[in-house]
Q: 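Once you've had a glance at the structure underneath, I'll fire off some questions.
Residue numbers start from 1 in every chain, and the chains themselves are labelled A, B, ... in the order their sequence lines are given, proteins ahead of strands. In what follows, every heavy atom counts, from backbone to side chain, and hydrogens, waters and symmetry copies are set aside. Computed from a predicted model, the values in this text were never measured in an experiment.
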Amino acid sequence: MEKFSQHKGLVVPLDAANVDTDQIIPKQFLQKTERVGFGQHLFHDWRYLDAAGKQDNPEFILNAPQYQGASILLTRQNFGCGSSREHAPWALQEYGFKVIIAPSFADIFYSNCINIGLLPVKLAKDEIEQLFNLTASENIQLTIDLANNKVIAADNTFTFSLDRFHQYCLEQGIDSIGWTLNKLDKIKDFEAAIPAWQ
Amino acid sequence: MTNTLHSNTIHSNNKQATTLYEKLWQRHLVEDIDGETPLLYVDRHLIHEVTSPQAFANLKFHNRPIRHPERTIATMDHNISTRSIKIDAAGEGAANQLRTLEKNCKEFGIELFGMGHKNQGIVHVIGPELGLTLPGTIIVCGDSHTATHGAFGALAFGIGTSEVEHVFATQTLRQTKAKTMKIEVKGQVGMGISAKDIILAIIGKTGSAGATGYVVEYCGEAIEALTMEERMTVCNMSIEFGAKAGLIAPDETTISYVEGKEYAPEGELWQQAVADWKTLKTDDDAVFDTVLTLEAKDIKAQVTWGTTPGQVTSVDSTVPSPDDFNNAVEKDSCAKALKYMDLTAGMKITDIEINKVFIGSCTNSRIEDLRAAAAVAKGKHVSTHVDAIVVPGSYHVKEQAEAEGLSQIFIDAGFEWRLPGCSMCLGMNDDVLTEGDRCASTSNRNFEGRQGRGSRTHLVSPEMAAAAAIAGHFVDINAST
Ligand code: SF4
């Protein structure tokens, strides 16, 4: 996993609550056996007018010319609900997103993001509102400073909290499986005490 | 709509009093050290063709073995055909995934219930029916409806593919401890009210994210009265209001269900297991972070009208209007949902006409579900403008239904009787709705496009789906005539 320290980029506002992973990456694109090839199908049913994905939907915010190259997604509550498919964060990351900012995320989606180095930032509802207001009038760049847990938008700075271990994993880009495998003795001790029926 | 929830701030003086979730957590804790996310042991890992290939590939890339292949079980369910047991029958992409699963299971020594195997079926249907799902264990699967297994008092939850890989390599997972929520359903439900109605009513109360960050324990008289299959229906949809997992404490109903199942412990081990399971309950004075109470008698037959499971109402009411909601986000969600669903605020639910019916999915494809639907369909006929399919959850369910004559009842009534699989729950195979179709579905998600691009899904119980198939619109099956 790549290390994450600071990121500055263009933010795109997706004004919708309860965006589920079926929307982020519809099921017809889940038949791959690789981790790549999902970015082009991100938000497929909203992004394209046709099932084949040839015709852009001009009304969908990601297709607006001023948001091309956006790397920060600003959205509403309960983002990433529904299916546990990690293909959803893969698609967001491959499209170019490095950070998702929302008032709340679904639990499994949140873990999936941490595990692939896509930073989920939770801000308070009124802070999210401020960011939506800022993006309504102009294109803005945000700076996300992971070490200090800050989102910096020109004159405004917002603080977010992150689990310490999650922060460490993101900053160091650690191989979490390798990390756990270093604790094999602990796991073996635990296994020795498991009841036989279990 | 969250005003019926209240948070407890008082903490119990008795440190020993713990909830079922805390007990399950404690007994699986491998390591909990400062500065690291706690490490939990995983007893059973279930896998299927869609969310496992990338985990296997990475494992191979790093040259890592699977720590306990015997703790993993594989099935084929998500994108298989329901018309043929041939691997190629659902297209090239699906066949490639199914063959990849076959190859990986062979290479790593994992037991696979592939096409034509007597134990094949939807992952959350076969775990319980084979006795792979046991109380007191941790069960994970790369699938969000793993919560189903919580009906046994197992801590069961869905994981992403990176976590599947972590379980393969270490037989453990890192998990942040969840908050606890008690949902008590008091008293008895009325005649004809199903487990699906109970869980939809709960989700209607909490909203789609009401339990995010929580593990929910369902209890109360109405829950205790449920059969194991009904309890699975309830726990299955825990994820639909954001819960990490749903739990029901094991009791005699649980124990007698598990006894004698193919993979269940036997003899001396069975005795030990049962003795342990009897201790698995929340202590009387344990304190939950949040408590929600419902009166069972108030629960009516439910139908979703929107594009999240929380957008639900009772069959005898009307489609709501954005004005019925008091916050801007919910108003907006309602307006968007009505537009997508092509419904008008104020119209009667029973006036909504459907043209497709799907009876199946890990929520409602077990034998009791099929019996309930067949009882409604018996001697009737599916409406001329409706296409209806029944997809059993597993081969065992299919055989049982055929032996009981249920399949014949469905066929005689004009339903298609299919082979087991996930089918139209998510339509990864060819069981998809087309644009504009409106479906009464016993599955668990009514998200935009879930059953096919531009299609509209209404979630209901098997009885309600069968009744809608016959009438061509929703029917209040419990209305006295
Ligand atoms: S039946 Fe539907 S919800 Fe259940 S496992 Fe299959 S796809 Fe998922």
Q: Checking Gln451(B) against chain A: side chain, backbone, both or neither under 4.5 Å from a heavy atom?
A: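 Interface part for Gln451(B): backbone (N, CA, C, O).
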Q: Is there a side-chain contact between Asp276(B) and Trp197(A) in this structure, where contact means two heavy atoms from C-beta onward sitting under 4.5 Å apart?
A: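 Heavy-atom side-chain distance check passes, below 4.5 Å.
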Q: Counting only heavy atoms closer than 4.5 Å, note whether His44(A) contacts chain B via side chain, backbone, both or neither.
A: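 Contact with chain B is through both the backbone and side chain of His44(A).
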Q: What part of Gln97(B) is in contact with chain A, defined as an atom under 4.5 angstrom from a non-hydrogen atom: side chain, backbone, both or neither?
A: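 For Gln97(B), backbone and side chain are both near chain A.
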Q: Taking all non-hydrogen atoms of both residues, which atom of Asn18(A) and which atom of Ser208(B) are closest, and how far apart?
A: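 That closest heavy-atom pairing would be OD1-CB, 4.2 Å.
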Q: Side chain, backbone, both or neither: which part of His28(B) has an atom under 4.5 Å from a heavy atom of chain A?
A: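 Answer is both: backbone and side chain atoms of His28(B) are under 4.5 Å from chain A.
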Q: Considering only heavy atoms and a distance below 4.5 Å, find which of Ala51(A), Gly82(A), Cys81(A) pairs most often with chain B.
A: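 The residue among Ala51(A), Gly82(A), Cys81(A) with the greatest pair count is Gly82(A).
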Q: Carefully, step by step, assess Glu31(B) and Ile187(A) under the rule side-chain contact (heavy atoms from CB on, under 4.5 Å).
A: CA-CA 8 Å; Glu31(B) 185 180 72; Ile187(A) 299 173; over 6 Å; no
Q: Can you tell which part of Phe190(A) gets under 4.5 Å to a heavy atom of chain B, answering side chain, backbone, both or neither?
A: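 For Phe190(A), the contact with chain B is made by the side chain alone.
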Q: Ala106(A) and Thr212(B): which non-hydrogen atoms are nearest, and at how many Å?
A: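 Closest heavy-atom pair between Ala106(A) and Thr212(B): CA-CG2, 4.5 Å.
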Q: Pick whichever of Ala94(B), Ala243(B), Ser333(B) has the most heavy-atom pairs under 4.5 Å with chain A.
A: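 Max contact count across the listed options: Ala94(B).
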Q: Side chain, backbone, both or neither: which part of Pro265(B) has an atom under 4.5 Å from a heavy atom of chain A?
A: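 The answer is the side chain of Pro265(B).
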Q: Verify the neighbour count for atom NZ of Lys60(B): are there more than 12 heavy atoms of other residues, nucleotides or ligands below 6.0 Å?
A: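 Atom NZ in Lys60(B) is crowded, with more than 12 foreign heavy atoms closer than 6.0 Å.
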Q: Tell me, for Glu191(A) versus chain B, whether the close heavy atoms (under 4.5 Å) come from the side chain, the backbone, both or neither.
A: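 The side chain, not the backbone.
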Q: Between CD1 of Ile177(A) and OG1 of Thr172(B), what distance do you get to the nearest 0.5 Å?
A: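 The OG1 atom of Thr172(B) is 9.0 Å from CD1 of Ile177(A), to the nearest 0.5 Å.
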Q: Taking every non-hydrogen pair under 4.5 Å, which of Gln28(A), Glu34(A), Gln167(A) racks up the most with chain B?
A: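 Most pairs with chain B among the choices: Glu34(A).
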Q: Can you confirm whether Gln77(A) sits close enough to Val329(B) that some side-chain heavy atom of one is under 4.5 Å from a side-chain heavy atom of the other?
A: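 They are in side-chain contact.
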Q: Among Ile116(A), Asp163(A), Asp175(A), which has the most heavy-atom pairs under 4.5 Å with chain B?
A: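 Max contact count across the listed options: Asp175(A).
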Q: Report yes if the side chains of Lys183(A) and Ile33(B) come closer than 4.5 Å at any heavy-atom pair, otherwise no.
A: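 Yes, side chains in contact.
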Q: Quick check for you: among Gln272(B), His68(B), His78(B), which has the greatest number of heavy-atom pairs under 4.5 Å with chain A?
A: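 Heavy-atom pair counts peak at His68(B).
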Q: Can you tell if the side chain of Ser83(A) reaches within under 4.5 Å of the side chain of Arg445(B), non-hydrogen atoms only?
A: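 They are in side-chain contact.
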Q: Within this structure, what is the OG1-CG distance for the pair Thr161(B) and Asn112(A), rounded to the nearest 0.5 Å?
A: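 The distance works out to 7.5 Å.
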Q: At a 4.5 Å cut-off on heavy atoms, which part of Asn58(B) comes close to chain A: side chain, backbone, both, or neither?
A: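 It is the side chain, since no backbone atom gets that close.
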Q: Answer yes or no: does atom CD of Glu2(A) have more than 12 heavy-atom neighbours from other residues, nucleotides or ligands under 6.0 Å?
A: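 Counting other residues, nucleotides and ligands, CD of Glu2(A) stays at 12 neighbours or fewer.
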Q: Can you say whether Arg450(B) sits under 4.5 Å from chain A via the side chain, the backbone, both, or neither, judging by heavy atoms?
A: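 Both parts, heavy atoms under 4.5 Å.
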Q: When you look at Gln198(A) and Thr137(B), which way does the side-chain contact (heavy atoms from CB on, under 4.5 Å) test go after all the steps?
A: CA-CA 7 Å; Gln198(A) 197 171 318; Thr137(B) 58; 3.9 Å; yes
Q: Counting only non-hydrogen atoms closer than 4.5 Å, does Arg67(B) touch chain A with its backbone (N, CA, C, O), its side chain (CB onward), both, or neither?
A: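 For Arg67(B), the side chain is the part near chain A, not the backbone.
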Q: Between Ala196(A) and Leu269(B), what is the shortest heavy-atom contact and its length?
A: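 Taking Ala196(A) first and Leu269(B) second, the nearest heavy atoms are CB-CD2, 3.5 Å.
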Q: Under 4.5 Å heavy-atom distance to chain A, tell me which part of Glu49(B) shows up: side chain, backbone, both or neither.
A: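 Neither part; nothing is under 4.5 Å.
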Q: Locate the shortest heavy-atom distance separating Ser84(A) from Ser144(B); write the atom from each residue and the value.
A: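 Minimum heavy-atom contact is OG-N, 3.4 Å.
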Q: Side chain, backbone, both or neither: which part of Pro38(B) has an atom under 4.5 Å from a heavy atom of chain A?
A: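 It is neither, since no heavy atom gets under 4.5 Å.
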Q: Which answer fits Tyr110(A), side chain, backbone, both or neither, if we ask what part of it has an atom under 4.5 Å from a heavy atom of chain B?
A: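 Nothing of Tyr110(A), per the 4.5 Å heavy-atom cut-off to chain B.
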Q: Could you report the tightest heavy-atom contact between Gly158(B) and Ile108(A), atom names first, then the distance?
A: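 Nearest heavy atoms, Gly158(B) then Ile108(A): O-CD1, 3.5 Å.
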Q: Measuring only between side-chain heavy atoms, which start at C-beta, is Glu448(B) closer than 4.5 Å to Asp22(A)?
A: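 When only atoms from C-beta onward are counted, Asp22(A) and Glu448(B) do not touch, as no gap falls below 4.5 Å.
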Q: Which answer fits Leu426(B), side chain, backbone, both or neither, if we ask what part of it has an atom under 4.5 Å from a heavy atom of chain A?
A: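 Backbone plus side chain of Leu426(B), per the 4.5 Å heavy-atom cut-off to chain A.
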Q: Relative to chain B, which of Thr21(A), Ile194(A), Asp189(A) shows the most heavy atom pairs under 4.5 Å?
A: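 Among Thr21(A), Ile194(A), Asp189(A), the one with the most close pairs to chain B is Ile194(A).
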Q: I need the residue from Cys141(B), Gly454(B), Gly427(B) with the largest number of non-hydrogen atom pairs under 4.5 Å to chain A.
A: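 Most heavy-atom pairs within the cutoff with chain A belong to Gly427(B).
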Q: What part of Ser162(B) gets closer than 4.5 Å to chain A, counting heavy atoms only: side chain, backbone, both or neither?
A: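 The answer is both parts of Ser162(B).
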Q: With a 4.5 angstrom heavy-atom cut-off, which part of Asp15(A) approaches chain B: side chain, backbone, both or neither?
A: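 Backbone only.
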Q: Sort Asp45(A) into side chain, backbone, both or neither according to what part of it lies under 4.5 angstrom from a heavy atom of chain B.
A: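 The answer is both parts of Asp45(A).
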Q: Test side-chain contact (heavy atoms from CB on, under 4.5 Å) on Glu86(A) and Gln54(B); report intermediate values, then the result.
A: CA-CA 10 Å; Glu86(A) 196 168 302; Gln54(B) 294 87 349; over 6 Å; no
Q: Check step by step if side-chain contact (heavy atoms from CB on, under 4.5 Å) holds for Arg174(B) and Thr180(A).
A: CA-CA 9 Å; Arg174(B) 286 193 188 278; Thr180(A) 301; 3.3 Å; yes
Q: Provide the closest heavy-atom pair for Leu30(A) versus Val50(B) in the form atom of the first, atom of the second, distance.
A: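 The pair with the smallest heavy-atom distance is O-CG1, 3.8 Å.
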Q: Taking the side chain as every heavy atom from C-beta outward, state whether Arg64(B) and Leu181(A) have any atom pair closer than 4.5 Å.
A: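 In short, these two side chains touch, coming nearer than 4.5 Å.
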Q: Counting only heavy atoms from other residues, nucleotides and ligands, does the tally under 6.0 Å from NZ of Lys186(A) exceed 12?
A: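 Incorrect, the count does not exceed 12.
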Q: Determine whether the side chains of Glu36(B) and Trp179(A) contain a donor N or O and an acceptor N or O closer than 3.5 Å.
A: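 Yes - a donor-acceptor pair under 3.5 Å links their side chains.
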Q: Output the option from Arg71(B), His62(B), Arg44(B), Glu266(B) having the highest count of non-hydrogen pairs under 4.5 Å with chain A.
A: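 Highest number of heavy-atom pairs under 4.5 Å: Arg71(B).
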Q: Are the side chains of Thr176(B) and His166(A) in contact, using a 4.5 Å heavy-atom criterion?
A: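 A side-chain contact exists here, since the closest heavy-atom pair is under 4.5 Å.
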Q: Does any backbone or side-chain atom of Ala193(A) lie under 4.5 Å from a heavy atom of chain B? Answer side chain, backbone, both or neither.
A: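 For Ala193(A), no heavy atom lies under 4.5 Å from chain B.
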Q: When heavy-atom pairs shorter than 4.5 Å are enumerated against chain A, which of Ala273(B), Ala209(B), Pro309(B) gives the highest number?
A: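 So the answer, after comparing Ala273(B), Ala209(B), Pro309(B), is Ala273(B).
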Q: Can you find a heavy atom in the side chain of Asn96(B) that is under 4.5 Å from one in the side chain of Thr33(A)?
A: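 The answer is yes, as the side chains (C-beta and beyond) meet within the 4.5 Å cut-off.
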Q: For Thr37(B), is it the side chain, the backbone, both, or neither that has a heavy atom closer than 4.5 Å to a heavy atom of chain A?
A: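 Backbone plus side chain of Thr37(B), per the 4.5 Å heavy-atom cut-off to chain A.
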